[in-house]
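Okay, structure first, notes after.
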Number of protein chains: 2
Amino acid sequence: MHPLDETDRAILRLLRADGRMSNAALAEAVGLSPSACLRRVRLLEHRGVIRGYTAIIEETAPRPGVVVMVRITLERQTDEAMRRFEEAVRRCPEVRECYLMTGDSDYILRVEARDAADYERIHKEALSRMPGVARIQSSFAIRSVIRG
Amino acid sequence: MHPLDETDRAILRLLRADGRMSNAALAEAVGLSPSACLRRVRLLEHRGVIRGYTAIIEETAPRPGVVVMVRITLERQTDEAMRRFEEAVRRCPEVRECYLMTGDSDYILRVEARDAADYERIHKEALSRMPGVARIQSSFAIRSVIRG
DNA sequence: GTTGAAAATAGCGCAGA
DNA sequence: TCTGCGCTATTTTCAAC
C-alpha cells in the first residue's frame, strides 16, 4: 500500500470541501495537469480512499418514527463486496447510521421508519436487495433513552 | 416556501447516492431536460436544501476515537430497575445513544471513547457499575460508514 | 508527468405552454 | 412559472509522448 503524498492529501482536502469541484479546477489548485490529476483521483477511488461522493442534504423534519437496529452479514467480505454494499447503504435515506463491526465483520445499521409497516417496506425493498447481503437481523427499539 | 415535489425528492435521492453524477445523467434519471434539471438543482442549492457536496474519505485515523456498540441486559426488567439504569446512562457522557429494545438484549448503547484503553476505563468505571446490569456485550466498530 | 484533440457536459438566453 | 431547445465555453477523457 502506497502512502498518500502531499498532493494526494491536497486532493482529498479539496474534494472533501467541495465534492463537485471540476477536475480542471482541482488540477490547478494542486499544481498538476488535468489528466494527471484525474489519474490520481481515479486511483484514490479505486483504492477505496475515496469511498464515494454525496450531496449534503438539509434534514428538515426529525420525525418521531420507529428506530430499528439492523445487523447485516455479507456473503463475502471482499473489498469490492463491501464497497458495493456501502454504496447501497448510503443511497438509502432511512439508514441513519452504519458501522462496520469487528467480530463477524458485519454491519450495524440504525434505520428510522415511520412505523412497523414502513419498516417492512424498507426491509423488503431496500435492505434485502442490497448487494451481497446474506443475513438480516432486525431489532426494534421500544423507546429512545438517548437519541442519535 | 415551496414544498419539495416528487422530482425534487428524486434529485436529492440521486445526488445523495452519487454527488458527482453529471447533470445530464441526473436529468435523464428524473425525466427532465438537462437545463430544467440544472435549474432545479441550483434552486435547491440556493434554498439551502442542498448544503454542499463532499467526497466520502476513508478515515484511517478517525478523530472522534472508537465507536462501540454495547448491548446491556438487566437483571430485572421492572420499571424501577429500568428507571434507575436509564438515569445512570444519561449521566454518562460517553454514551451518545441509548435505545430500549425488544427481544432478549434489553438496551443498545452507542459509546464513544478515545481509544480501546479509554473504553476499558468506561466499561469498568461506568457501564459495569450501572445499577441492575447483568450482562455487557461490546462490539467495536472498525469504521463509520454513515455518521458517527 | 505532460500535451493535444475529440467527445461530452455545463451553463446561458430565448421562446412557448 | 416551469419547461424544452440551441448555442458556446468549459470540461472530461483518451491517446501518444
Side-chain angles (χ1 to χ4, degrees), chain A residues 1-61 78-93 131, chain B residues 1-61 145:
Chain A
M1 271 248 178
H2 289 283
L4 305 176
D5 67 11
E6 204 45 57
T7 305
D8 286 327
R9 271 191 286 272
I11 287 172
L12 294 178
R13 180 167 40 79
L14 288 160
L15 281 181
R16 200 163 70 167
D18 179 8
R20 275 202 86 115
M21 140 179 246
S22 78
N23 179 61
L26 184 64
E28 192 186 351
V30 301
L32 285 178
S33 68
S35 58
C37 183
L38 184 63
R39 205 174 308 133
R40 276 178 184 260
V41 170
R42 292 283 179 269
L43 195 60
L44 288 168
E45 289 168 359
H46 195 258
R47 284 205 283 162
V49 181
I50 296 175
R51 310 292 288 201
Y53 302 89
T54 189
I56 303 162
I57 308 297
E58 161 82 0
E59 301 291 343
T60 47
T78 61
D79 277 0
E80 178 61 18
M82 289 164 61
R83 187 151 44 235
R84 288 188 60 211
F85 171 76
E86 290 173 20
E87 189 185 332
V89 161
R90 282 193 291 267
R91 169 187 309 243
C92 179
Chain B
M1 263 217 188
H2 287 282
L4 303 177
D5 66 11
E6 203 46 57
T7 305
D8 288 326
R9 273 191 288 271
I11 287 173
L12 293 178
R13 181 165 36 79
L14 288 159
L15 282 180
R16 189 174 185 273
D18 179 7
R20 281 207 81 129
M21 174 175 214
S22 78
N23 180 62
L26 184 64
E28 191 185 353
V30 301
L32 285 179
S33 69
S35 62
C37 182
L38 184 62
R39 209 172 309 121
R40 277 178 183 261
V41 171
R42 291 287 176 268
L43 195 60
L44 289 168
E45 289 168 358
H46 194 257
R47 285 204 282 161
V49 180
I50 297 175
R51 298 209 108 136
Y53 303 89
T54 189
I56 302 158
I57 309 298
E58 158 84 354
E59 301 288 346
T60 45
V145 179

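Chain letters run A, B, ... following the sequence lines, proteins first, then strands; residues in each count from 1.
Contact check for B/R40 versus B/D5: side-chain heavy atoms found under the 4.5 Å cut-off. Two residues are said to be in side-chain contact when any heavy atoms from C-beta on lie closer than 4.5 Å; B/L44 and B/L4 meet this criterion. Within the 4.5 Å cutoff, no side-chain heavy atoms of B/I50 are placed close to those of A/I56.
Once rounded to the nearest 0.5 Å, the distance linking OG of A/S33 with CZ of A/R39 reads 7.0 Å.
A straight line from CZ of A/R40 to C1' of D/dT13 spans 18 Å, rounded to a whole angstrom. Regarding A/E28, its CD atom lies at a distance of 13 Å from the C1' atom of D/dT10, rounded to whole Å. The distance between atom OH of A/Y53 and atom C1' of D/dT12, rounded to the nearest whole Å, is 13 Å. In this entry the distance linking CG of A/D18 with P of D/dT11 reads 13 Å, nearest Å.
Base engagement by A/A36 is indicated by at least one non-hydrogen atom pair under 4.0 Å involving a base atom.
Contact record, A/C37 with A/N23: SG-OD1, 3.6 Å, taken as the closest heavy-atom pair.
In terms of modelled atom types and a separation under 3.5 Å, the side chain of B/R20 and the main chain of A/G52 share no donor-acceptor contact. Side chain of A/T54 to main chain of B/R16: a donor-acceptor pair is present (N/O by atom type, distance under 3.5 Å, no hydrogens or angles).
Listed in residue order, the members of residues 6-17 of chain B having a heavy atom less than 4.0 Å from DNA chain D come to none.
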Distances under 3.5 Å between nitrogen or oxygen atoms of protein and nucleotides 10-15 of chain C:
residue	atom	partner	partner atom	Å
C/dA10	OP1	B/N23	N	2.4
C/dA10	OP2	B/N23	N	3.4
C/dA10	OP2	B/A24	N	2.9
C/dG11	OP1	B/R42	NH2	3.3
C/dG11	OP2	B/R42	NH2	2.4

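The environment of B/R51 atom CZ is sparse: at most 12 non-hydrogen atoms of other residues, nucleotides or ligands sit within 6.0 angstrom.
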